[in-house]
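Treat the numbers as computed from the prediction; the structure is a model and nothing was measured. The analysis underlying the following values was restricted to heavy atoms, covering all of them including side chains, and did not include hydrogens, waters or symmetry mates. Below, read A as the first sequence line, B as the second, and so on, with proteins coming before strands; counting in each chain starts at 1.
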There are 2 protein chains.
Amino acid sequence: MNLKQLSELLGLSQTTVSRALNGYPEVNEATRERVLQAVKETGYRPNKAAQRLATGKAGSIGLVMPTAPGHQSDVHFGEFLAGLGEEAVRHDFHFVIMPADPDDEVAALRRLAISGNVDALFVAYMRAHDPRLAMLKSLSMPYVVHGRSFGSEPDYPYLDIDNEGAFYDATRLLLQLGHTRFALMNGPMHLDFAIRRKNGVAAALAERGLALDENCVSHALMTDEQGLLAMEQFLQLPERPTAILCSSTVLALGAIRAANQAGLRLGEDISLIAHDDVLPLLKPENFSVPLTTTRSSLRAAGVRIAQRLIGTVKQAGPFPDQELWKTELIVRASTGPAPQV
Amino acid sequence: MNLKQLSELLGLSQTTVSRALNGYPEVNEATRERVLQAVKETGYRPNKAAQRLATGKAGSIGLVMPTAPGHQSDVHFGEFLAGLGEEAVRHDFHFVIMPADPDDEVAALRRLAISGNVDALFVAYMRAHDPRLAMLKSLSMPYVVHGRSFGSEPDYPYLDIDNEGAFYDATRLLLQLGHTRFALMNGPMHLDFAIRRKNGVAAALAERGLALDENCVSHALMTDEQGLLAMEQFLQLPERPTAILCSSTVLALGAIRAANQAGLRLGEDISLIAHDDVLPLLKPENFSVPLTTTRSSLRAAGVRIAQRLIGTVKQAGPFPDQELWKTELIVRASTGPAPQV
DNA sequence: TACATAATTGAAAGCGCTTTGGGTGCCACT
DNA sequence: AGTGGCACCCAAAGCGCTTTCAATTATGTA
């Protein structure tokens with residue numbers, strides 16, 4: 001069933017039927033009713049490809065999903081997608097997800113953009129000096145970046161959390177508790193958030209005349225195994241750290257396992273603060289020793305970015321171009337006074 | 001840059017350029033080279049919407065993502081998606097993901113199908129007597145179901161794991177270890193896999209003249225919190241179970257926390273077998289007491305389903321219509337002999 | 001040399017929709 | 001009666017591609 005058939009069925013022109021469906025004012029209410037009725041009975045749905053071809057709009061936002069045979073799926077991705085979806089469903093938008101090898105992301109993004117399949121783009125996993133920014137700017141298609149790109153002029157639309165502030169605050173808390181030996185369990189070094197978090201820690205330490213020992217910094221994929229490994233290394237250091245900052249609750253999972261295996265009590269022998277993306281699977285309050293965290297909901301960020309993206313496509317009013325969300329510092333049992341030596 | 005511009009640039013007709021690009025044999029190799037060269041230089045990419053309109057094919061597979069403000073994102077979804085993506089990227093396929101309220105899934109699937117945006121459909125989270133099956137059959141669009149629908153004639157294309165067999169085997173193992181009091185921590189009751197797993201347990205117990213006490217069966221969302229709750233209830237039973245079967249490692253996470261809090265030693269006071277979807281985040285071998293599991297990779301299932309879907313669209317068939325994968329029973333430390341009373 | 005045949009290329013129709021640029025009545029006002 | 005304005009409706013062009021059908025040139029064959 002297509003427009004032509006439907007209009008013939010109704011004895012109307014395609015024009016009128018199309019107008020009736022799209023809410024144009026110049027169609028008689030009675031005929032509009034008739035059309036709507038016929039749509040219900042026939043189950044007619046406009047062909048999206050044709051619609052897009054004719055209007056240039058498709059009601060879809062595009063994103064690239066990094067993937068490869070060895071590539072681990074990322075819980076954070078799913079959670080963020082849930083947020084995007086929650087908002088998209090309200091506007092009858094859908095996603096076009098282009099899987100792409102992580103090495104091929106710029107090209108994949110470009111292909112996606114000029115494929116004509118999407119109205120707007122979303123990009124995440126930002127790196128320092130991210131090459132995708134230049135490409136996006138050249139594209140004349142709305143986009144929003146999740147995160148920022150260290151070293152690039154911040155003149156692009158983004159939503160980010162205050163990573164530096166979060167880790168600055170967390171570090172200060174630990175300093176106040178008397179800790180002096182710190183370790184940072186971070187995400188991959190090239191990622192923007194990792195850089196900023198490290199800077200936040202360093203800044204807070206510097207205020208007390210302390211510095212972050214490079215041996216006490218790990219950069220790795222945010223999996224529990226990497227957390228375990230990193231923690232094991234930290235614990236073997238001659239002056240082992242008593243305060244651990246952790247870029248994800250996933251890493252914390254492994255880190256805590258390592259600490260337990262070493263017979264250390266969390267919140268007493270060793271203190272830990274993790275960043276919490278509010279993953280439904282890993283609630284810090286459910287850890288056997290509830291975790292002190294810096295918190296910011298990834299899902300909420302997804303919702304907000306979808307709002308901005310869809311709003312821009314629909315030309316529904318101006319949105320702030322740059323948003324920086326503060327995180328909350330939530331104190332639970334995994335932090336305590338530095339142990340007396 | 002579109003076909004017209006490109007062909008003018010080359011002094012060729014759109015026909016020839018199109019044919020050159022799509023690998024038709026009747027075009028001179030020299031001109032094909034010339035076209036390919038121009039494509040490289042200009043960065044031309046065909047408009048997918050137009051392509052789809054003209055051919056009816058779009059190189060995309062569609063799926064519905066259940067979502068709603070309160071709806072928890074599901075790690076399993078992300079992992080499965082990673083599998084689909086791994087295969088899709090090899091064929092330059094993409095996904096169209098339609099977020100939809102869980103109550104609206106049939107309609108959403110229908111909308112997606114007739115939107116003309118996708119070449120094939122994938123559906124998961126199958127229920128007993130699933131209403132989507134009838135709809136899919138009426139659609140004349142390729143689809144593959146992940147899982148099956150209990151109570152429906154199995155005449156649709158699916159890939160499923162042998163849930164009944166898995167839990168039958170697991171139960172038998174525990175029986176052999178001398179356990180007699182069993183509990184099953186299952187997924188939501190209406191889901192197909194939950195029904196079959198329960199049947200598997202019941203079948204194995206029946207062989208020994210045992211039955212599954214309804215008080216020892218929980219049906220809940222597969223989150224760690226629900227696992228905790230369910231376990232707490234089991235432990236309060238007058239005759240508390242010594243053998244726990246768990247539909248997911250996520251549930252097991254909570255269950256184990258509850259057991260620990262009750263001072264029970266896993267693999268000694270209480271034995272547990274969980275089904276392992278091979279989530280990168282939750283490796284059963286990394287649990288403080290490594291978990292005995294029935295294993296089947298969700299991601300591998302994603303890859304395979306993508307293969308079948310894409311293969312069917314590309315008519316690179318034929319593919320088996322029904323596939324039932326056996327699971328592996330992997331014994332680790334969370335199972336031990338039943339404690340002497 | 002003449003003619004069938006193969007190898008290339010093009011013109012134009014069509015995919016299903018939106019939208020521009022007219023119509024056609026009908027009414028109120030001069 | 002003539003004019004302008006309104007409320008409705010329609011024919012047809014166009015979005016960017018594929019594909020049918022036809023035309024042109026090159027290559028053999030008798």
Check your understanding: Using 4.0 Å as the upper bound for N to carboxylate O, is an ion pair formed by Arg52(B) and Asp119(B)?
Key -> yes
Study note, to complete from the structure: In whole angstroms, the gap separating C1' of dC15(D) from NZ of Lys48(A) amounts to 17 Å
Check your understanding: Ion pair present between Glu323(B) and Arg308(B), side-chain N to carboxylate O less than 4.0 angstrom?
Key -> yes
Point to revise | Check: Phe80(B) ring centre within less than 6.0 Å of Tyr125(B) ring centre | key: no
Review point. Do the side-chain N or O atoms of Tyr24(B) get closer than 4.0 angstrom to the phosphate oxygens (OP1, OP2) of dA7(C)?
Key: no
Check your understanding: At how many degrees, to 10°, do the end axes of the helix from dT1(C)-dA30(D) to dT30(C)-dA1(D) meet when each uses five pairs?
Key -> 60°
Practice item. Go through dT9(C), dG16(D), dT18(D) for me and flag the one nearest to the Asn47(B) side chain. Key: dG16(D)
Check your understanding: Do Phe150(B) and His129(B) make the cut of ring centroids closer than 6.0 angstrom?
Key -> no
Review point. Rounding to a whole Å, what distance do you find between Leu53(B):CG and dG14(D):P?
Key: 17 Å
Revision key, fill the gap. In whole angstroms, the gap separating P of dT19(C) from CG of Leu3(A) amounts to 12 Å
Check your understanding: Choosing from dT18(C), dC17(C), dC9(D), which nucleotide comes nearest the side chain of Glu26(A)?
Key -> dC9(D)
Point to revise | Sorted by number, the residues of residues 10-21 of chain A with heavy-atom contact under 4.0 Å to DNA chain D | key: Gly11(A), Leu12(A), Ser13(A), Thr15(A), Thr16(A), Arg19(A)
Review point. What's the closest nucleotide to the Thr31(A) side chain, out of dC17(C), dC17(D), dC9(D)?
Key: dC9(D)
Review point. Step by step, would you call Gln37(B) with Glu41(B) a side chain to side chain donor-acceptor pair (under 3.5 Å)?
Key: CA-CA 6 Å; Gln37(B) 186 57 36; Glu41(B) 282 164 13; 3.1 Å; yes
Review point. For residues 107-120 of chain B, which residues have at least one heavy atom under 4.0 Å from DNA chain D?
Key: none
Exercise for review: Using a heavy-atom cut-off of under 4.0 Å over every strand shown, decide if Gln51(A) touches base, sugar-phosphate, or nothing.
Suggested key: sugar-phosphate
Practice item. Would you mind reading off the distance between Lys57(B) atom NZ and dG16(C) atom P, rounded to a whole angstrom? Key: 13 Å
**Study point:** Gap between atoms CZ and C1', on Arg45(B) and dC17(D) respectively (whole Å)
**Key:** 16 Å
